[in-house]
**Student:** 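One structure, as structure tokens, below. Some questions next.
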Number of protein chains: 2
Amino acid sequence: MKLNVQEKDDNKLSTITIKDIAKKCHVGVSTVSRAMNDHPDINPETKKKILKVIEKSGYVPDNSARNLKRIDARAVAVLIKGIGNTFFNQLVEVLEQECQKERYSCVIQRVEEDENEIDVALQVAREKKLRGVVFLGGNFSHSGEELGRLKFPYVLSTVYSGEDNKRIASVSVDDYKESYKMTEYLLGLGHKKIAIITARREDESIGKLRLLGYQKALFDHGIPFDEELVCYMKMNVDRYSYRSGYKLTKELLSGKKTFTALYATSDTLAVGAIRALWEAGIHVPDDCSVAGFDGMDAGKYSIPGITTIRQPAKEIARATADLLFSMIDKKEEPKRVIFEGELIVRESTGISRIKIV
Amino acid sequence: MKLNVQEKDDNKLSTITIKDIAKKCHVGVSTVSRAMNDHPDINPETKKKILKVIEKSGYVPDNSARNLKRIDARAVAVLIKGIGNTFFNQLVEVLEQECQKERYSCVIQRVEEDENEIDVALQVAREKKLRGVVFLGGNFSHSGEELGRLKFPYVLSTVYSGEDNKRIASVSVDDYKESYKMTEYLLGLGHKKIAIITARREDESIGKLRLLGYQKALFDHGIPFDEELVCYMKMNVDRYSYRSGYKLTKELLSGKKTFTALYATSDTLAVGAIRALWEAGIHVPDDCSVAGFDGMDAGKYSIPGITTIRQPAKEIARATADLLFSMIDKKEEPKRVIFEGELIVRESTGISRIKIV
DNA sequence: TTGTACGCGTTATCAT
DNA sequence: ATGATAACGCGTACAA
């Protein structure tokens, strides 16, 4: 008989539940629950006993059931669209730290390129009983109305929302202004023919802003904008990656137009670009200047080091967390927080020698 | 009265459930459920009507409740320890594709550095009703017994398990052998003093294997192993990153020992290393050769291009998926799959000129 | 084809 | 301090 009971228990590899633990301990399920969740109303000894049984039985509580019951989980989520954009890594790291400080748990969630980030947000918010969400990456220009579906606090970090509605919380640099700054810097070096590698032609996010800043700077300095010096990423193929930087630069080089400077709108693109130029026998910065954007390690440790606009990632992440938590806890209104980018001059740019490439 | 009902509905921003939808449509909950889950037994018209109501009411089904009911979700998970190791990105991408092909859904889950990957696996397996798990990264040497807790199929991909138990499924290159290969290549170039940058001294994973392969190659060629030419990562500080490569190389340079080649055990480390050497006025490969490992884009597009051992990432990912699915579906036994690494010679290595650094 | 009612595993509210 | 029991929102037998 006893052996039978034993057998029955062991066979039950299906899934062991809180009830099984309760039975084994000869207590009620609520006592087990209290033991697991550090509730005050429980005898320390029974608690210890229960935890021991849990330990050796290998019981794992079902999070789905927990979330189902739970009204609030004191949790937020970070939704990342475009993983592989290594710039987000730093942000996420700091965001996680800040959450810990505030004793929030933090769900990191990838969003596929073809998924709607709003839908995903809605889903996990429901599933995990979130109090708020941070959006990293993605294209928020179209989502003016869409954003209205979000009934909880959220912050766009390093993302541009087409609606420059002040009621949308966001933290970022002013990509337009910073891009203008970079272009002006290149112009200041004497460059007249500045090629640019930028996001897809259809982009409505930061890619567009950076292109716009570039155009405006050219305009303000009386340089005509030349569409042939613009190289757009190809849909579903290119990203802010080394590979794309390399490929797109080759494209540029095979074109008829010449240039003395190349503005790659991310540091990763710039690395690939420099390699492509190098293979074509074009030396950076002597024959051609190259500039990046973001201030990532990729540009700091490459040779030559890449002139860039540094986004203060840590500060942005901290401000993002601050803003989100104050919206959650103190019911503060959404606001737009802008950080200043920093032009970092390294070895990839120099005075134009008007040596046509 | 009517207005009251209306009000009541709108106020209920708490959370709208399947019942609310059912009421609004004047149908039962099961009909709504059928409409959402593409069940056959439903009138196309009522289905259409219901979906429309769902759409405009902004109803989002609660995944927790779903998972709770669901016995099986036809899903697997990929657990990644050490995000930021960009090498994993390629793997994940292919893994996701393979899952789609097999009509499995795929959960991507980060594991923090201080978390036990086994615990996490157990938790999400329970929560999401997984059929299997892929482990990327992490230290599996200690977990010989621990692994026994996993009652479902799993595959270690690009990870080394100390237990060279054949009953543990794994897909990877032979890090020991490949590291030997790389070291031998450097020796073949005439280098006698080969420094190495490697994982923490306590590492029991691939870092250890790569170091061991290096030592063995030296030994086989009659070169004494010199502990002072080994630079270990510092705990909780270093990673396979540019920054660490840079920092650790500086350390090496400030030591008393000289070397004519530097073997950085990842391409990212190598990039940082080359920068550090460059800043010290040491030219690669003329004054010092540098080799990496992994075959990542970082080494392909850097200048100089980095000599490396390419791990066939796509093949590894595909084989990982194959193995996992055949264990799940066909009850196949776990096995160890080894891929051959490919020595790719680029510009960062050259014949030793015995010019002491 | 559709609706009713039960149960999934947990936590929270009661009594005790 | 502890145990019984009612939710939580959904899927699904089963009845209609």
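Labels below follow one simple rule: chain letters A, B, ... track the order of the sequence lines, proteins then strands, and each chain is numbered from 1.
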**Student:** Output all residues satisfying salt bridge (charged side-chain N to carboxylate O under 4.0 Å, His left out) with B/Glu102, sequence neighbours left out; order by chain, then residue number.
**Tutor:** none
**Student:** Provide the full list of ring pair (Phe, Tyr, Trp, His ring centres under 6.0 Å) pairs with a residue in residues 37-72 of chain A, sequence neighbours left out, each pair given once.
**Tutor:**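 Listed once each, the pairs would be none.
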**Student:** Test: salt bridge (Lys or Arg N to Asp or Glu O under 4.0 Å). Region: residues 49-66 of chain A. Which pairs qualify, not counting sequence neighbours?
**Tutor:**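 Output for this query lists A/Asp62-B/Lys129.
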**Student:** At how many degrees, to 10°, do the end axes of the helix from C/dT1-D/dA16 to C/dT16-D/dA1 meet when each uses five pairs?
**Tutor:**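 About 40° separates the two local helix axes.
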**Student:** So, using ring-ring contact (aromatic ring centres under 6.0 Å, His included) as the criterion, who are the partners of A/Tyr104 when residues are at least two apart?
**Tutor:** A/Phe325
**Student:** Just to verify, what does B/Glu93 make a salt bridge (charged side-chain N to carboxylate O under 4.0 Å, His left out) with, not counting sequence neighbours?
**Tutor:** A/Arg239
**Student:** Across nucleotides 6-16 of chain C, 5' to 3', mark each nucleotide with B, S or - according to how protein heavy atoms within less than 4.0 Å reach it.
**Tutor:** -BBBBBB----
**Student:** What verdict does the salt bridge (Lys or Arg N to Asp or Glu O under 4.0 Å) test give for A/Lys314 and A/Glu98, after you've listed the backbone C-alpha separation in whole Å, the side-chain angles of each residue and the deciding distance to 0.1 Å?
**Tutor:** CA-CA 11 Å; A/Lys314 284 183 188 171; A/Glu98 296 297 309; over 6 Å; no
**Student:** Of all residues at least two apart in sequence or in a different chain, which pass the salt bridge (charged side-chain N to carboxylate O under 4.0 Å, His left out) check with B/Asp119?
**Tutor:** B/Arg149
**Student:** Name every residue in residues 42-49 of chain B that has at least one heavy atom under 4.0 Å from any atom of DNA chain D, in order of residue number, or write none if there are no such residues.
**Tutor:** none
**Student:** Which pairs count as salt bridge (Lys or Arg N to Asp or Glu O under 4.0 Å) when at least one residue sits in residues 71-82 of chain A, sequence neighbours excluded?
**Tutor:**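 Residue pairs passing salt bridge (Lys or Arg N to Asp or Glu O under 4.0 Å), neighbours aside: A/Asp72-A/Arg131, A/Lys81-A/Glu117.
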**Student:** Does A/Gln100 CD have over 12 foreign heavy atoms under 6.0 Å away?
**Tutor:** no
**Student:** With a strict under 4.0 Å distance from non-hydrogen atoms of chain B, what nucleotide opens and what nucleotide closes the contacted stretch of DNA chain D, reading 5' to 3'?
**Tutor:** D/dG9 to D/dT12
**Student:** The criterion is salt bridge (charged side-chain N to carboxylate O under 4.0 Å, His left out); which residues satisfy it with B/Lys47, sequence neighbours excluded?
**Tutor:** B/Asp38
